[in-house]
Trainee: 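Pasting in a structure now, in structure tokens, and then I'll have a few things to ask.
Since we're looking at a predicted model, the values are computed, not measured. Side-chain atoms are counted along with the backbone in the values below, which use heavy atoms only and exclude waters and symmetry mates.
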Amino acid sequence: MSIPQWSGPSFNDTVLRDFYESSYLNGVNAEFIENLYETYLDKPHALPPEWRTFFDTLHNGSPNDIVSAKTKDEIRQTFASASPDAAVTPSLESMALGFSKQNSVMRLIRAYRVRGHLEALFDPIGYMPRIPTADLHPEYHGLTATDMNTVFETFPLATADRLPLREIHALLRGVYCGSIGTEYMHITDSDQKTWIQKRLEQSWPWKTPSNNKKKEILQYLTNAEGLEKYLHTKYVGQKRFSLEGGESLIAMLHELIQHEGTNGIKEIVIGMAHRGRLNVLVNILGKTPRELFQEFEDKLDTERTLLTGDVKYHLGFSSDIETPGGLVHVALARNPSHLEIINPVVMGSVRARQQRRKDYDRKQAMAVLIHGDAAFAGQGVVMEGLNMSQARGYFIGGTMHIIINNQIGFTTSNRMDSRSTFYCTEVAKMVQAPIFHVNADDPEAVLFITQLGLDFRRQFRKDVVIDLVCYRRHGHNEADEPSVTQPMMYSAIKTTDSTRSKYEKKLIDENVITKKEGDKIAEDYRTALESNSVIVPAVKGQDTTGLDNAWHPYLGTAWDASGDTSWDKPVDTTISTEDIKEFTEKLLTLPEGFEIHPRVVKILDDRRKMAAGSLPIDWGFAETMAYASLLRDGFQVRLSGQDSCRGTFFHRHATIVNQKTGDVYTPLEHLFSNQPRFLVINSLLSEEAVLGYEYGYSSSEPQALVIWEAQFGDFANGAQVVIDQFISSGEAKWGRLSGLVLMLPHGYEGQGPEHSSARLERFLQLCACNNMQVCCPTTPAQMFHVLRRQVIRNHRKPLVIMSPKSLLRNKLSISSLEDLTKGKFYTVIPEKGRIHPKKATRLIMCSGKVYYDLIQKRDTLDKKDIPIIRIEQLFPFPTKRLKEELLRYPNVKHIVWCQEEPQNQGAWYQTKHHFHEFIRHDQELLYAGRPPSPSPSVGYFSYHIQQQEELVNDALLYGSAEEKEKNRCILM
């Protein structure tokens, strides 16, 4: 088509500014303008700026992809229909005004999507603060009452193509300002936003549940309220952390289990704090009322196998629940009062279950985390858990987060002190999780948004947050009086009918039930409680231990206050020379053309020599052989930590990086066909959540060596709550077993207070009743055997390893092939030199790196008559073995404990009582080490060297009672 030339003056800024009045935009030029418009739609930057501005004006500034196809066609039609003698201008004027109004409608739609939640009615007591939201009103966008009956295009609204403004506005109010407030416009992924918009907008008005479904909802509200009222009258004043005010949680969880069971989920792990926990145990998992009542009455099982037990609102439970898709195993994780710390534990447990099922699509096991509002906003581990949710080593396909939003934390008001954000959910936006605030007094809305949230999680495999906005009818616990600190809130709560009462009235008004039927539902539930009847008919099996069949071989090794003799039973951890050669050959076989760093080439060449026996074995080789042999034996290996792939100290190299492409190759993943999973992960920069995750994994999978490695040992400080509340005491409190390994680099090398000590003393303080192991291996072979021993023997106890740093390259700290093929893990390593036992009058005991400083100094001083014994396992303490070794030296008068740590730290105070069990009355027990200090070490390297020399000299040269006044060796 030939393009006619423009017949008027040049199209300049003046003409553009006044184009509505211009007569030059007439039919003569219509074809010319129409062609320019097509160019604008296809390649706008091919036009001069003034023409782009002209067409931008027609679109009222909206991008081309936002303007609907129908609007574009109308513009084309306007150009095409203009006669040569007719001016186009009046039509354009009309269009411009129409476009302006249409654009206002689009802005209104966007305003509701972004800020509609600010006017949503999701607070059942009207306590939550409101802020002005003028842009949610049509007048703000220039739309008047005369426009309400005007038909507009609804694009981008997910509904009919054209609707009157009145209906558009009603839809927006209903979807975004009803019982559900939705936050999702912070999500950058367009597909995810569009999915939510379609589910919310396309289905409005949302489908009303059937009458049978409504009766089911009422039943679950009755169960939730009925249990709380019964306990409130039967056990007056006892703590139970009532769910009253948030009873919709029970209907919500029931819907969640049934919905996900229908969609293929086989296991659900729930983590929650104390609020509502007893209600979930009885009304969801089917714990019998009698069991619960016995806990209130302190009637303990006489055959109790737990050392300490725990309070009733920390206990867990698991059940098999029938759903349309088959049985779903639902486990409520045991947890301490430390809020939110259960989150990563549950995530790790789910990952282990997915691995066991080979559920790599993450569609058969899922996590449900139930939070408190103050804790979700206040506890840093929440952020850490969200941060790991999409990370490679921790991904579980998304977690369903439910917040029981009481709008208060104990006595702390949300309006004043508990957070700096408007909602308690803001932290979830860091991972672009959709957030749904829902009124707990509208249980139908609760179930609707639960279904939507679950479907979103399954579709996009990411976290979802449902903020169940409710209230707390009583105080933080039932003995508390909340109106002392929150009089206004509790004045409103006292005049608020319960969720069940409101919903029952609604069903009566709808003629779904009669008042008599409602009363009977409540009466039947109370009768079931009193008769100890089954509360949850869908439950088909229960387990109070939380341990599946995979754990049965290890249950006989539970705690034993008198000492479990099975700890001393030998276990074969050796491998053959042929195994070592086979593993090494496979580990050194890299993909063709894989270019590695020259320093790594040297390390791999050395490992080939080690396998051949021509070079002593180092730590990296021994550790790799342990992993390879365990994979051959059928055990998974999972190692995570900061810089664990290479190793903080450049010794491991479990992954190798192609220097040309950046591709990563993990040799241990390619040893055998159908081998168990080997996974090594450079973790995010977190200790608390990552360690909690690995504990959760290890407590759900006994057939795996699970290791968490700290970059430096004292980094475990950031995860102390996991160590205190789970690792050291989980078995005593809940009967939970775990074979988790903690590798904590430890040793005094002049790196200052924060990179010297793994705080050995803290772990030893937590040791009792054979609850865990603490070891300090000083040779590569010792590391090899202790790692293999951890999973080969029938024990699942946590293992804390004070792992090496400078020893990794110490020429004295080496092993031989024979140490792997014929040795074992030695809890005590005797003197290796040729010392005549009867000539020794002084003996040194130590643990860890200081041994090498001692033997070097002993050689320098030519003190050949001082045996040095290494204690490689500090707990369970090898009393019998150490006593046997000391008996070899009948003439020893001075027994010295030497350590690098200050006297108030390290192993000294936590082990010396063991020494007194076998030291004779004519022997002196002496301490040689750094003096007491509030800090683990000094900061100056020169001062460190001075202290190290002094403590070594003290151990070798001084220490008799007569000399104690002139040196630092203390008689104890």
Side-chain angles (χ1 to χ4, degrees), residues 241 249 253 256-257 260 265-282 284-287 306 309-321 328-354 356 365-372 375-376 379 381-382 384-385 388-389 394 396 399-402 404 542-548 550-551 688-702 706 721-738 740 796 798:
F241 299 100
L249 175 71
L253 289 177
L256 184 153
I257 294 166
E260 290 304 276
I265 285 289
K266 301 301 179 185
E267 294 191 72
I268 297 174
V269 185
I270 302 174
M272 69 181 298
H274 38 277
R275 178 75 53 210
R277 189 179 188 90
L278 301 183
N279 216 305
V280 171
L281 283 167
V282 173
I284 294 296
L285 293 167
K287 184 173 184 173
L306 298 182
D310 204 347
V311 294
K312 52 188 169 289
Y313 41 82
H314 289 171
L315 301 180
F317 206 78
S318 63
S319 300
D320 293 326
I321 298 178
V328 176
H329 183 74
V330 182
L332 177 61
R334 294 140 180 84
N335 68 280
S337 281
H338 290 68
L339 298 175
E340 305 296 333
I341 193 59
I342 194 62
N343 300 354
V345 176
V346 165
M347 293 170 66
S349 176
V350 169
R351 176 75 175 229
R353 295 163 194 263
Q354 292 171 341
R356 186 189 310 155
M366 68 174 290
V368 176
L369 296 177
I370 304 174
H371 315 268
F376 194 78
Q379 292 292 315
V381 72
V382 173
E384 293 186 25
M388 66 170 36
S389 66
Y394 311 98
I396 59 171
T399 295
M400 190 70 173
H401 299 271
I402 301 169
I404 303 177
Q542 297 175 334
D543 181 17
T544 59
T545 68
L547 301 171
D548 60 31
W551 288 94
E688 184 176 20
V690 173
L691 181 55
Y693 190 102
E694 301 307 335
Y695 172 82
Y697 193 106
S698 69
S699 65
S700 297
E701 180 48 75
V706 183
V721 63
V722 181
I723 296 165
D724 289 350
Q725 302 301 327
F726 292 96
I727 294 173
S728 66
S729 60
E731 184 179 348
K733 293 189 294 187
W734 312 311
R736 295 298 295 171
L737 301 181
S738 166
L740 179 63
R796 289 299 176 263

Trainee: Could you tell me if the side chain of V346 sits less than 4.5 Å from the side chain of L369, heavy atoms only?
Mentor: yes
Trainee: Is a side-chain N or O of R736 found less than 3.5 angstrom from the main chain of S699, in a donor-acceptor match?
Mentor: yes
Trainee: Could you give me the CA-CA distance, side-chain angles and deciding distance for R275 and I370, then say whether side-chain contact (heavy atoms from CB on, under 4.5 Å) is met?
Mentor: CA-CA 9 Å; R275 178 75 53 210; I370 304 174; over 6 Å; no
Trainee: Can you tell if the side chain of R277 reaches within under 4.5 Å of the side chain of L332, non-hydrogen atoms only?
Mentor: yes
Trainee: Within the structure provided, determine whether L249 and L253 are in side-chain contact (heavy-atom separation under 4.5 Å).
Mentor: yes
Trainee: Hey, what do you get for OH (Y693) to CZ (R351), rounding to the nearest 0.5 Å?
Mentor: 4.5 Å
Trainee: Pair I402, L256 - check side-chain contact (heavy atoms from CB on, under 4.5 Å), show working.
Mentor: CA-CA 11 Å; I402 301 169; L256 184 153; 4.3 Å; yes
Trainee: Drop me the distance from E267's CD to R356's CZ, to the nearest 0.5 angstrom.
Mentor: 6.5 Å
Trainee: Identify the heavy atoms of Y695 and G730 that sit nearest to each other, and give their distance.
Mentor: OH-CA, 4.3 Å
Trainee: Working to the nearest 0.5 angstrom, can you tell me the gap between M347 CE and I396 CD1?
Mentor: 5.0 Å
Trainee: Any side-chain heavy-atom pair from L737 and P702 closer than 4.5 angstrom?
Mentor: no
Trainee: V706 vs E701, test: side-chain contact (heavy atoms from CB on, under 4.5 Å). Steps then yes/no.
Mentor: CA-CA 9 Å; V706 183; E701 180 48 75; 5.9 Å; no
Trainee: If you define the side chain from C-beta out and look only at heavy atoms, does anything of V382 sit under 4.5 Å from N343?
Mentor: yes
Trainee: Rounded to the nearest 0.5 Å, what separates atom OG in S349 from atom OH in Y697?
Mentor: 10.5 Å
Trainee: Determine yes or no for a side-chain-to-main-chain donor-acceptor pair under 3.5 angstrom, with Q354 supplying the side chain and A365 the backbone.
Mentor: yes
Trainee: Looking only at heavy atoms, which two atoms of G316 and R334 are closest? And how far apart?
Mentor: N-CG, 3.2 Å
Trainee: Quick check: closest heavy atoms across M272 and V280, and the distance to 0.1 Å?
Mentor: SD-CG2, 3.8 Å
Trainee: State, to 0.1 Å, how close I342 and A333 come at their nearest heavy-atom pair, and which atoms those are.
Mentor: CD1-CB, 3.8 Å
Trainee: Between the side chain of S319 and the main-chain N/O of V330, is any donor-acceptor distance below 3.5 Å?
Mentor: no
Trainee: Would you indicate whether the side-chain heavy atoms of N335 and E340 approach each other to under 4.5 Å?
Mentor: no
Trainee: Indicate yes or no: at least one non-hydrogen side-chain atom of S389 is less than 4.5 angstrom from one of T399.
Mentor: no
Trainee: Nearest 0.5 Å please: distance from the NE2 atom of H371 over to the CD atom of Q379.
Mentor: 12.0 Å
Trainee: For the backbone of A331 and the side chain of S318, can you confirm whether one donor and one acceptor N or O come within less than 3.5 Å of each other?
Mentor: no
Trainee: Give the intermediate values and the outcome of side-chain contact (heavy atoms from CB on, under 4.5 Å) for residues K733 and L315.
Mentor: CA-CA 9 Å; K733 293 189 294 187; L315 301 180; over 6 Å; no
Trainee: For a quick test of reading the model, state the closest non-hydrogen atom pair linking P798 to I727 and the distance between them.
Mentor: CG-O, 3.4 Å
Trainee: Using side-chain heavy atoms (C-beta onward) and a distance below 4.5 Å, is L691 in contact with F726?
Mentor: no
Trainee: Quick one: CE on M366 to CD1 on I270, what's the gap to the nearest 0.5 Å?
Mentor: 9.0 Å
Trainee: Might you point out which heavy atoms bring S700 and W551 nearest each other, and give the distance in Å?
Mentor: N-CZ2, 3.8 Å
